[in-house]
Participant: 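Take this structure first; my questions come after.
Here, residue 1 is the first one in the sequence, and each next residue gets the next number. When reading the values below, keep in mind they use all heavy atoms of this one structure, side chains included, and skip hydrogens, waters and symmetry mates. Bear in mind that the values here come from a model prediction, so they are computed numbers and not experimental data.
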Amino acid sequence: MTAAALPPSASLQALLEAAYYSVPGPEATPAIAAERGRLFDVYGGGIVYEVVARPGERLADLCRRVAGRLVYFARAKRFKALGTPEITIALFVGDQLHFVPSSAFFFALIASHGLAPDVLADHVDDWAQGALDRADF
């Protein structure tokens, strides 16, 4: 089995179960365009934030790598990053693309660090400043 063919880790698989839509990789470009169109039609705008999971990557590592950038990007676009339906994570895992609500991503992030969901908002500034890359988170 090649590295690209490694199945997702069990923790990442749990996040993939929250996906509301998945497509094969070759269909990614039109699917992302359609999702952007849907977000515009329903909410008047939105973000499809594209992320590529590394082969065999654990959920905690993916979250550590992505959360700060996502929060920073969403804030720059004047979106509230946590739980807003206007933000979708387009998560490439192997040869599949999965559309995951941003709320599911952030709740998975909290759970992967052993925190309770009610502290979610308390950590937004930490993530935007890269605290997941430091040992003090």
Participant: Show every donor-acceptor pair shorter than 3.5 Å between a side-chain atom in residues 50-61 and any protein atom, with sequence neighbours excluded, or say none if there are none.
Facilitator:
from : atom 1 : to  : atom 2 : distance (Å)
E50  : OE2    : R36 : NH2    : 3.4
E57  : OE1    : R54 : N      : 2.9
E57  : OE1    : R65 : NH2    : 2.8
E57  : OE2    : R65 : NE     : 3.1
E57  : OE2    : R65 : NH2    : 3.4
R58  : NE     : D61 : OD2    : 3.2
R58  : NH2    : D61 : OD1    : 3.2
R58  : NH2    : D61 : OD2    : 3.4

Participant: Do V48 and F73 land in one hydrophobic cluster if side-chain heavy atoms of ILVMFWY residues count as linked below 4.5 Å?
Facilitator: no
Participant: Please give me the minimum heavy-atom distance between S102 and T84, naming the atom from each residue.
Facilitator: OG-O, 3.1 Å
Participant: Indicate yes or no: at least one non-hydrogen side-chain atom of L91 is less than 4.5 angstrom from one of F99.
Facilitator: no
Participant: What closest approach, in Å, do Y21 and A31 show between heavy atoms, and which atom pair accounts for it?
Facilitator: CE2-CB, 4.5 Å
Participant: Tell me, with the steps shown, if L39 and I47 meet side chain to side chain contact (heavy atoms under 4.5 Å, CB included).
Facilitator: CA-CA 8 Å; L39 292 172; I47 297 171; 5.8 Å; no
Participant: Test of understanding: with side-chain contact (heavy atoms from CB on, under 4.5 Å), list the residues that count as partners of R38, not counting sequence neighbours.
Facilitator: Y20, E35, V42, Y43, T88
Participant: Report yes if some heavy atom in the side chain of L97 is under 4.5 Å from a heavy atom in the side chain of I32; otherwise report no.
Facilitator: yes
Participant: Hey, what do you get for CD1 (I87) to OG (S103), rounding to the nearest 0.5 Å?
Facilitator: 10.0 Å
Participant: Which pair of heavy atoms, one from A19 and one from H98, lies closest together, and at what distance?
Facilitator: CB-CB, 3.9 Å
Participant: Quick check for you: to the nearest 0.5 Å, what is the distance between F106 atom CZ and I89 atom CD1?
Facilitator: 6.5 Å
Participant: By ring pair (Phe, Tyr, Trp, His ring centres under 6.0 Å), which residues pair with F92, not counting sequence neighbours?
Facilitator: none
Participant: For residues F105 and L70, determine if any side-chain heavy atom of one lies less than 4.5 Å from a side-chain heavy atom of the other.
Facilitator: yes
Participant: Going by heavy atoms in the side chains, are V23 and Q96 under 4.5 Å from each other?
Facilitator: no
Participant: Which heavy atom of A18 sits nearest to which heavy atom of P101, and what is that distance?
Facilitator: O-CD, 3.5 Å
